[in-house]
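Owing to the predicted nature of the structure, the values given are computational and were not obtained by experimental measurement. For the single chain, residues carry numbers from 1 onward in sequence order.
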Amino acid sequence: MFDKLEDIVNRYEDITAELSNPDVVNDQDRFRKLMKEQNNILPIVTAFTEYKDCKKNIEDSLAMLSEESDEELLELAKEELNESKKRVEELENELKILLLPKDPNDDKDIIVEIRAGAGGDEAALFAAELFRMYTHYVESRGWKIEVVNADETGIGGMKEVEFMVKGQGAYSVMKYESGVHRVQRVPETESGGRIHTSTASVAVMPEAEEVDIKIDEKDIRIDVMRASGNGGQCVNTTDSAVRLTHYPTGIVIYSQTEKSQIQNKEKAFALLRAKLYDMECQKAHDAEADARRSQIGTGDRSEKIRTYNFPQGRVTDHRIGLTLYKLDKIMDGDIQEIIDACIIADQNAKLAKMNEN
């Protein structure tokens with residue numbers, strides 16, 4: 001591990017030297033690529049530098065304990081030794097986590113698809129509440145959200161909604177939300193007061209660039225039409241809505257949220273690329289079943305991942321056995337504690353698997 005860390009430090013120094021080269025500065029593509037690489041390895045370099053400092057402190061403290069006779073200085077040396085030893089253990093664990101193979105999609109923007117599942121109107125209402133929850137969470141992170149398509153019901157629910165999230169590391173955080181979400185509560189339409197269980201599925205897909213997925217024009221049918229449903233002045237007055245049909249997979253994409261047909265077409269193609277790329281990723285996951293099982297909720301989309309129980313005010317994440325009694329705050333977008341717990345569980349699972357090999 002330490003040879004690898006030394007190589008990373010050397011690489012960091014090489015990049016720093018390159019970035020001061022006028023030829024590199026003038027080559028914007030090269031400059032951006034190096035800056036990204038430098039930012040990615042900076043946390044490792046910082047942690048390893050502190051690790052080496054702590055190891056040096058341990059040596060100095062041991063030397064002082066063997067040479068010094070002053071009681072006060074000996075006490076200080078013992079404190080320094082204990083603190084440095086504790087920090088070294090913490091940093092060794094941090095460095096192992098930092099050296100775990102990184103998901104190549106982690107830095108990408110995402111497209112999220114929420115679909116109402118079992119439960120009729122109640123499922124559609126729950127899907128709309130999940131959309132609201134994620135909207136609040138995205139806004140709290142300072143990220144940007146753009147709706148691609150929303151199929152709304154007349155009572156405030158959503159049969160489905162697709163939206164883009166643009167923000168640094170969006171996929172690395174939101175990928176843990178993929179799966180089936182379950183709600184347990186008494187519906188407003190239920191006069192008998194019986195608790196119903198409804199579901200909605202969430203798919204979080206990394207946004208794919210054109211270099212990631214090539215789409216043959218012969219495989220696509222593009223239809224334009226007037227937008228329908230709620231909207232601004234342009235709804236039902238111009239042919240701005242776009243529908244894409246991808247013949248090889250049967251995927252149909254509909255985009256109508258923008259006034260411009262060109263913008264709707266761009267969003268539709270972005271969603272199609274993301275879905276095709278996601279299909280490729282799912283095939284890779286299926287081919288590496290053991291690797292998928294070592295991850296927390298980033299594989300099987302049919303997995304029931306979370307239950308929102310309204311009568312008891314609790315939310316349970318079934319993958320990691322976490323239960324929180326703050327349902328109101330979570331539905332308002334306060335989901336960071338759940339996501340952090342999933343990230344830690346995922347890292348621990350990968351560390352355990354790495355130690356087995």
Side-chain angles (χ1 to χ4, degrees), residues 108-141 143-167 170-171 173-183 185 187 198-208 225-232 234-236 240-246 251-259 263-279 301-302 305-306 308 330-333 335 339:
K108 291 189 175 183
D109 295 334
I110 56 172
I111 293 179
V112 183
E113 180 181 76
I114 303 172
R115 287 180 179 271
D121 287 342
E122 174 66 7
L125 287 169
F126 179 50
E129 288 174 273
L130 288 177
F131 173 61
R132 177 177 172 271
M133 179 182 80
Y134 291 131
T135 299
H136 285 185
Y137 176 69
V138 167
E139 289 171 350
S140 75
R141 298 279 309 225
W143 295 344
K144 186 180 178 184
I145 188 168
E146 294 179 19
V147 177
V148 178
N149 182 45
D151 185 359
E152 300 178 19
T153 65
I155 58 172
M158 288 178 164
K159 292 180 182 176
E160 69 176 280
V161 57
E162 292 148 336
F163 57 96
M164 306 166 80
V165 176
K166 298 184 181 296
Y171 185 73
V173 174
M174 290 285 287
K175 63 184 176 183
Y176 299 99
E177 294 302 299
S178 283
V180 176
H181 296 240
R182 184 175 69 167
V183 63
R185 64 184 173 191
S198 304
T199 62
S201 64
V202 176
V204 178
M205 300 167 281
E207 189 172 1
M225 61 207 73
R226 293 188 178 181
S228 60
N230 299 323
C234 290
V235 171
N236 296 320
S240 59
V242 173
R243 183 176 63 212
L244 299 183
T245 304
H246 186 244
I251 293 173
V252 177
I253 306 292
Y254 188 66
S255 177
Q256 65 166 7
T257 57
E258 302 295 334
K259 294 179 181 179
Q263 289 174 313
N264 280 324
K265 188 176 177 182
E266 286 175 357
K267 282 189 174 182
F269 268 99
L271 179 53
L272 177 60
R273 280 195 301 271
K275 287 200 172 192
L276 293 174
Y277 184 64
D278 187 58
M279 288 173 69
R301 289 284 160 75
S302 64
I305 65 166
R306 197 174 298 151
Y308 305 74
I330 288 168
M331 296 311 295
D332 277 337
I335 59 173
I339 289 172

Visitor: Using modelled atom types only, decide if a donor and an acceptor are shared between the side chain of His136 and the backbone of Asp332 within a distance under 3.5 Å.
Guide: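 A pair under 3.5 Å: yes.
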
Visitor: Could you report the tightest heavy-atom contact between Thr153 and Met158, atom names first, then the distance?
Guide: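 The answer is OG1-N, 4.3 Å.
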
Visitor: Could you tell me if the side chain of Glu122 sits less than 4.5 Å from the side chain of Leu125, heavy atoms only?
Guide: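 Answer yes - side chains close enough.
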
Visitor: Hey, could you give me the CG/NE2 distance between Leu276 and His246, rounded to the nearest 0.5 Å?
Guide: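 Interatomic distance, Leu276 CG to His246 NE2, rounded to 0.5 Å: 5.0 Å.
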
Visitor: Is there a donor-acceptor pair closer than 3.5 Å between any side-chain N or O of Thr199 and the backbone N or O of Ala118?
Guide: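 Pair found, side chain donor or acceptor close to backbone of Ala118.
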
Visitor: Looking at every non-hydrogen atom in both residues, tell me the closest pair between Ser255 and Ala268 and how far apart they are.
Guide: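 So the two residues come closest at CB-CB, 4.0 Å.
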
Visitor: Please determine whether the number of non-hydrogen atoms from other residues, nucleotides or ligands lying under 6.0 Å from atom NZ of Lys275 exceeds 12.
Guide: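 For Lys275, atom NZ is crowded (more than 12 foreign heavy atoms under 6.0 Å).
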
Visitor: For residues Met164 and Ala270, report the shortest heavy-atom separation together with the two atoms involved.
Guide: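 Smallest heavy-atom distance, with atoms named: CE-CB, 4.1 Å.
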
Visitor: Just verifying a value: how many Å separate Ile111 CD1 and Arg273 CZ, rounded to the nearest 0.5 Å?
Guide: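 Interatomic distance, Ile111 CD1 to Arg273 CZ, rounded to 0.5 Å: 8.0 Å.
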
Visitor: Looking at Lys267 and Glu162, does any basic side-chain N land under 4.0 Å from a carboxylate oxygen?
Guide: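 Between Glu162 and Lys267 there is no salt bridge, as every charged N stays at least 4.0 Å from the carboxylate O atoms.
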
Visitor: Taking all non-hydrogen atoms of both residues, which atom of Ala128 and which atom of Gly156 are closest, and how far apart?
Guide: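 Closest heavy-atom pair between Ala128 and Gly156: CB-O, 3.5 Å.
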
Visitor: Assess whether atom CG of Asp151 is packed by more than 12 heavy atoms of other residues, nucleotides or ligands within 6.0 Å.
Guide: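 Yes, because the 6.0 Å sphere around CG of Asp151 holds more than 12 heavy atoms from other groups.
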
Visitor: What are the two closest heavy atoms between Tyr308 and Ile330, and how far apart are they?
Guide: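 Here Tyr308 and Ile330 meet closest at CE2-CG2, 4.3 Å.
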
Visitor: For the pair Asn264 (side chain) and Ser240 (backbone), establish whether a donor and an acceptor sit closer than 3.5 Å, ignoring hydrogens and angles.
Guide: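 Looks like yes, one N/O pair under 3.5 Å.
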
Visitor: Got a sec, which residues hit side-chain hydrogen bond (donor to acceptor under 3.5 Å, both in side chains) with Arg141, two or more places apart in sequence or on another chain?
Guide: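 By the side-chain hydrogen bond (donor to acceptor under 3.5 Å, both in side chains) rule, Arg141 matches Tyr137, Gln336.
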
Visitor: By ring-ring contact (aromatic ring centres under 6.0 Å, His included), which residues pair with Phe163, not counting sequence neighbours?
Guide: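 Testing Phe163 for ring-ring contact (aromatic ring centres under 6.0 Å, His included), a comparison that skips the adjacent residues, returns Phe131.
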
Visitor: List the residues meeting side-chain hydrogen bond (donor to acceptor under 3.5 Å, both in side chains) with Ser198, not counting sequence neighbours, and say none if there are none.
Guide: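 Ser198 satisfies side-chain hydrogen bond (donor to acceptor under 3.5 Å, both in side chains) with no other residue.
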
Visitor: Under the side-chain hydrogen bond (donor to acceptor under 3.5 Å, both in side chains) test, which residues partner Tyr134, sequence neighbours left out?
Guide: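 If we apply the side-chain hydrogen bond (donor to acceptor under 3.5 Å, both in side chains) test to Tyr134, skipping adjacent residues, the hits are Glu177.
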
Visitor: Can you tell me how far apart OH (Tyr254) and CD (Glu160) are? Round to the nearest 0.5 Å.
Guide: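 These two atoms lie 11.5 Å from each other.
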
Visitor: Could you measure the distance from the CD1 atom of Ile253 to the CG atom of Leu271? Nearest 0.5 Å is fine.
Guide: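 Ile253 CD1 to Leu271 CG: 3.5 Å, rounded to 0.5 Å.
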
Visitor: Does the side chain of Trp143 reach to within under 4.5 Å of the side chain of Met174, using non-hydrogen atoms?
Guide: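 Side-chain contact under 4.5 Å: yes.
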
Visitor: Residues two or more places apart in sequence or in another chain: which of them pass side-chain contact (heavy atoms from CB on, under 4.5 Å) with Glu266?
Guide: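 Per chain and number, Glu266 pairs via side-chain contact (heavy atoms from CB on, under 4.5 Å) with Ile262.
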
Visitor: Is any side-chain heavy atom of Val161 less than 4.5 Å from a side-chain heavy atom of Leu130?
Guide: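 Result no, sub-4.5 Å side-chain heavy-atom pair not found.
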
Visitor: Residues in salt bridge (charged side-chain N to carboxylate O under 4.0 Å, His left out) with Lys166, at least two apart?
Guide: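 Lys166 satisfies salt bridge (charged side-chain N to carboxylate O under 4.0 Å, His left out) with Glu207 once adjacent residues are dropped.
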
Visitor: Side chains of Glu129 and Val183: does their closest heavy-atom pair fall under 4.5 Å?
Guide: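 Of all side-chain heavy-atom pairs linking Val183 with Glu129, none is under 4.5 Å.
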
Visitor: Using atom types as modelled and distance alone, determine if a side-chain donor or acceptor of Asp109 lies under 3.5 Å from a backbone N or O of Pro206.
Guide: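 Such a contact is absent between Asp109 side chain and Pro206 backbone.
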
